[in-house]
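Dropping the structure in here first, questions after.
Note that the structure is predicted; figures quoted are calculated from it, not measured. What you see below is based on every heavy atom in this structure, not just the backbone, and it leaves out hydrogens, waters and symmetry mates.
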Amino acid sequence: MTISLTICLPDNVYVTEQTDKVVLPVANGNFTVIKDRAPTILLLSTGLVQCLDEKNEIGKQYFVNNATASSLVIT
């Protein structure tokens, strides 16, 4: 099962990625987003957004500098 990761600013979409899990840098560690997780809004710390496959191996990584993240469940 995959989820969609989109990294964007109001003027441009920079990344659209399909992945199994996404690990986000937050103030007190990391937050993992998985399919069907409850909707969440987070304040991200400076660090790496990591895309993980079904074996929890890191695929792609993206550097962010103090951002926000939201996850939505759309059925």
Side-chain angles (χ1 to χ4, degrees):
M1 294 198 265
T2 62
I3 58 175
S4 179
L5 167 68
T6 303
I7 298 175
C8 59
L9 290 174
D11 64 335
N12 195 13
V13 174
Y14 294 95
V15 173
T16 300
E17 184 80 32
Q18 295 295 317
T19 187
D20 290 294
K21 299 174 188 172
V22 177
V23 179
L24 302 171
V26 293
N28 57 349
N30 291 318
F31 184 86
T32 302
V33 178
I34 58 175
K35 186 163 178 65
D36 298 329
R37 184 177 194 107
T40 307
I41 297 176
L42 300 166
L43 181 59
L44 302 181
S45 298
T46 299
L48 292 174
V49 173
Q50 299 174 329
C51 298
L52 304 179
D53 64 15
E54 65 278 348
K55 296 178 183 176
N56 290 330
E57 295 176 352
I58 298 171
K60 294 186 178 179
Q61 301 181 89
Y62 303 97
F63 179 79
V64 294
N65 186 12
N66 298 326
T68 58
S70 64
S71 64
L72 302 175
V73 176
I74 301 172
T75 56

Nearest atoms (heavy-atom pairs only) where L24 meets A69 =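 For L24 and A69, the tightest heavy-atom pair comes out as CD1-CB, 4.0 Å.
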query = Would Y14 and V49 show up in the same hydrophobic cluster when neighbours are defined by side-chain heavy atoms closer than 4.5 Å?
reply =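 Result: yes, single cluster for both.
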query = Does any N or O in the side chain of S45 come within less than 3.5 Å of the main-chain N or O of A27, such that one atom is a donor and the other an acceptor?
reply =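 Yes, S45 side chain to A27 backbone: donor-acceptor pair under 3.5 Å.
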Shared hydrophobic cluster for L43 and V64 (ILVMFWY, side-chain gaps under 4.5 Å) =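 Per the 4.5 Å side-chain linkage, L43 and V64 are not co-clustered.
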Distance in Å, E17 CD paired with I7 CD1, rounded so as to fall on 0.5 Å steps =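 Between E17 CD and I7 CD1, I get 8.5 Å after rounding to 0.5 Å.
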query = Any side-chain heavy atom of V26 within less than 4.5 Å of one from L44?
reply =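 When only atoms from C-beta onward are counted, L44 and V26 do touch, with a gap below 4.5 Å.
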ask   = Donor-acceptor pair, T40 side chain versus A38 backbone, under 3.5 Å?
value =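 Flag set: sc T40 to bb A38 pair under 3.5 Å.
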ask   = To the nearest 0.5 Å, what is the distance between NZ (K21) and CG (L5)?
value =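 Interatomic distance, K21 NZ to L5 CG, rounded to 0.5 Å: 15.5 Å.
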ask   = Does the side chain of I58 come within less than 4.5 Å of C51's, by heavy atoms?
value =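 No, too far: nothing below the 4.5 Å cut-off.
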query = Which pair of non-hydrogen atoms, one from P25 and one from N30, has the smallest distance, and what is that distance?
reply =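 Nearest heavy atoms, P25 then N30: CA-OD1, 3.8 Å.
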message = Between I3 and D20, does the side-chain contact (heavy atoms from CB on, under 4.5 Å) criterion hold? Intermediate values first, please.
response = CA-CA 6 Å; I3 58 175; D20 290 294; over 6 Å; no
task = Verify side-chain contact (heavy atoms from CB on, under 4.5 Å) between F31 and V22, making sure each step is shown before the conclusion.
result = CA-CA 8 Å; F31 184 86; V22 177; over 6 Å; no
ask   = Taking all atoms of both residues into account, what is the closest heavy-atom pair of T19 and L52, and its distance?
value =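 Smallest heavy-atom distance, with atoms named: OG1-O, 3.0 Å.
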